[in-house]
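Below you'll find the structure, written out as structure tokens, and then a few comments.
Residue numbers start from 1 in every chain, and the chains themselves are labelled A, B, ... in the order their sequence lines are given, proteins ahead of strands.
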There are 2 protein chains.
Amino acid sequence: MPRTTRSPESRERVVAAAWRVVADVGVQDATMRRIAAEAGVTTGSVTHHFADKHDLLAAVVRHNNLLARDRIVAAVGDGRGLVALEGAVDALLPIDADRRREWQVGVACWGPAAPGDRAAGELRDGWRYLERLLAALFDQAVEDGELPPTVDAGYEAARMVVLVAGVGMLAGVESPERVRRDAKRMLADQLQRLEEARTEDHTGGMGR
Amino acid sequence: MPRTTRSPESRERVVAAAWRVVADVGVQDATMRRIAAEAGVTTGSVTHHFADKHDLLAAVVRHNNLLARDRIVAAVGDGRGLVALEGAVDALLPIDADRRREWQVGVACWGPAAPGDRAAGELRDGWRYLERLLAALFDQAVEDGELPPTVDAGYEAARMVVLVAGVGMLAGVESPERVRRDAKRMLADQLQRLEEARTEDHTGGMGR
DNA sequence: CCCGTTGCGTAACAAGCGTTACGGCAGGGC
DNA sequence: GCCCTGCCGTAACGCTTGTTACGCAACGGG
């Protein structure tokens with residue numbers, strides 16, 4: 001049987017086009033024909049690669065997650081602990097046009113993705129990945145002595161995820177300048193608080 | 001000219017019905033006919049009160065804001081400062097079914113509300129109201145000596161809004177139990193951090 | 001060299017959408 | 001008591017949507 005002649009490339013083209021359309025006009029107006037036109041193909045090609053629209057949307061969310069993931073691993077590199085953590089979070093903040101588009105897609109697919117839907121599972125997986133990664137980096141920071149052992153890595157990771165989600169969501173209604181300014185400050189504050197707890201812990205022994 | 005015979009009541013009924021439908025099935029599947037059926041009327045009544053669907057959605061978001069606002073003012077009551085602030089934030093956290101539905105509507109209307117749309121303006125107004133209220137309460141807390149004067153009320157309010165938005169957004173993908181547990185802890189942490197700064201400040205400077 | 005299979009364009013489908021036009025019903029102003 | 005005017009149910013319109021059926025070109029295995 002003749003396998004795929006040159007297939008996986010054009011499937012990715014359709015997903016990338018759908019991602020762009022969703023980011024631009026939302027899920028509501030991201031019609032099959034518009035996506036096909038953006039990809040430079042027709043609906044026949046789209047329906048050939050995807051069972052239905054829900055399937056395509058799930059692929060779009062997965063693509064969105066991969067974009068974020070690639071950005072994160074590039075930012076982390078071979079770093080460890082707090083530096084890597086700050087880089088990872090920074091890579092997600094909606095402080096430029098590209099990152100804001102990723103948030104646009106993420107939030108747009110949040111609503112219509114009803115519980116049990118395929119896209120909803122992809123979305124949840126993305127958040128879980130982020131939380132686990134951050135928890136691992138917090139653990140490293142404790143291991144390396146950057147943070148006191150009293151730090152609850154899992155909880156701090158969840159807290160960081162909430163910060164990222166909150167900033168990302170509000171980026172849709174706030175001015176980019178303000179988001180850029182506040183987001184950086186909040187990230188720095190949240191990390192600094194934990195570091196202060198460490199130095200306090202050390203100096204606190206003699207003071208008390 | 002004969003004014004409205006008994007009008008404003010049925011308009012509200014349609015808005016409330018639309019709010020329920022959007023919370024249940026999302027904006028995409030919240031059709032005019034379905035909303036009308038939920039309200040116990042027909043599309044003729046709906047189109048009589050609202051110019052078009054965007055107009056109705058804007059009213060739904062406004063309704064959603066009012067629900068949250070009523071809950072906030074009930075929680076604040078005649079309280080001041082940190083107690084009132086904690087009550088206000090607590091009134092917004094998606095820790096029960098009612099509050100989660102409000103978040104469902106808010107996020108669902110975030111995506112399809114393209115910039116310049118009427119619903120987007122309503123959404124932004126809701127966030128602005130919350131931020132100003134929290135800033136005022138932070139100011140009161142500083143005034144009453146609950147927090148040191150070094151506290152930047154505007155920034156802390158923005159930070160609190162981010163916490164609320166993040167928790168609300170993640171409530172859609174996390175289990176209710178976990179959200180309930182983490183949200184309370186994060187709120188307490190964020191407030192406690194500021195209070196600790198005060199006691200440190202006082203014990204360091206002069207004996208309170 | 002042929003043939004089965006795959007990739008994808010074309011075209012059509014039925015369903016459902018938002019929206020509009022119209023008509024009857026009621027209730028106050030003159 | 002007439003009539004004018006808001007209220008709302010009925011019904012239809014035109015359009016777009018997701019989806020499907022079909023057909024041609026290309027390509028690799030036998």
Side-chain angles (χ1 to χ4, degrees), chain A residues 1-22 24-61 108-109 111-114 116-119, chain B residues 1-22 24-61 108-109 111-114 116-119:
Chain A
M1 52 208 161
R3 300 299 308 274
T4 58
T5 53
R6 53 181 148 163
S7 65
E9 165 200 341
S10 85
R11 191 182 202 268
E12 269 321 298
R13 284 224 310 170
V14 172
V15 174
W19 180 85
R20 258 175 281 136
V21 173
V22 169
D24 283 347
V25 301
V27 177
Q28 181 103 331
D29 296 334
T31 123
M32 293 296 221
R33 294 166 228 269
R34 191 159 183 174
I35 291 171
E38 173 78 23
V41 295
T42 60
T43 63
S45 175
V46 177
T47 59
H48 178 70
H49 290 292
F50 301 95
D52 55 4
K53 194 182 179 182
H54 291 270
D55 196 23
L56 174 56
L57 279 182
V60 166
V61 175
C109 292
D117 207 347
R118 279 153 283 183
Chain B
M1 53 209 158
R3 297 300 307 275
T4 58
T5 54
R6 51 181 149 161
S7 66
E9 164 201 341
S10 85
R11 191 183 201 267
E12 269 321 297
R13 284 222 311 169
V14 172
V15 174
W19 180 85
R20 260 175 280 137
V21 174
V22 169
D24 284 347
V25 300
V27 177
Q28 181 104 330
D29 296 334
T31 111
M32 292 297 220
R33 295 167 227 266
R34 191 159 183 175
I35 290 170
E38 173 78 21
V41 295
T42 60
T43 63
S45 176
V46 177
T47 58
H48 178 70
H49 290 293
F50 301 93
D52 55 3
K53 194 181 180 183
H54 290 271
D55 196 23
L56 174 56
L57 280 182
V60 166
V61 175
C109 292
D117 208 348
R118 279 154 283 183

Whether A/His48 contacts C/dC8 is assessed here as follows: a side-chain N or O lying under 4.0 Å from the phosphate OP1 or OP2. Is that the case?
no
Between A/Ala51 and A/Thr31, whichever has its closest DNA chain D nucleotide further toward 5' is A/Thr31
May I have the distance from A/Met32 (atom CE) to C/dC13 (atom C1'), rounded to whole angstrom?
15 Å
Gap between atoms NE2 and P, on B/His54 and C/dC17 respectively (whole Å)
16 Å
What distance do A/Lys53 atom NZ and A/Ile35 atom CD1 have between them, rounded to the nearest 0.5 Å?
6.0 Å
Between atom CD in A/Gln28 and atom C1' in C/dG16, what is the gap in whole Å?
13 Å
Within the structure provided, determine whether A/His48 and A/Val14 are in side-chain contact (heavy-atom separation under 4.5 Å).
no
Separation between CG of B/Leu57 and CH2 of B/Trp19, rounded to the nearest 0.5 Å:
14.5 Å
B/Arg34 atom CZ: more than 12 heavy-atom contacts under 6.0 Å:
no
Rounding to a whole Å, what distance do you find between B/Asp52:CG and C/dC17:C1'?
14 Å
Least distance between heavy atoms, A/Met32 atom then A/Asp52 atom
CE-C, 4.2 Å
Take atom CD1 of B/Ile35 and atom C1' of C/dG18, then tell me their distance rounded to the nearest Å.
11 Å
Of all the heavy-atom pairs spanning B/Leu56 and B/Ala18, show the shortest one and how long it is.
CD1-CB, 4.1 Å
Restricting to non-hydrogen atoms, name the atom on A/Ala36 and the atom on A/Thr42 that form the minimum distance, rounded to 0.1 Å.
CB-C, 3.5 Å
Just how large is the angle between the end axes of the helix from C/dC3-D/dG28 to C/dC30-D/dG1, five pairs per end, to 10 degrees?
0°
Round to the nearest Å and state the distance from B/Arg34 atom CZ to C/dG18 atom P.
12 Å
Taking the side chain as every heavy atom from C-beta outward, state whether B/Val41 and B/Arg13 have any atom pair closer than 4.5 Å.
yes
Rounding to an integer number of Å, can you tell me how far B/Lys53 NZ sits from C/dC17 P?
9 Å
Detail all sub-3.5 Å separations between protein N/O atoms and N/O atoms belonging to nucleotides 10-15 of chain D.
none

B/Asp29 CG to C/dC17 C1': how many Å, rounded?
12 Å
Least distance between heavy atoms, A/His49 atom then A/Arg11 atom
O-NH2, 3.7 Å
Among the nucleotides D/dG9, C/dT19, D/dC8, whichever has the atom closest to the side chain of B/Val41 is D/dG9
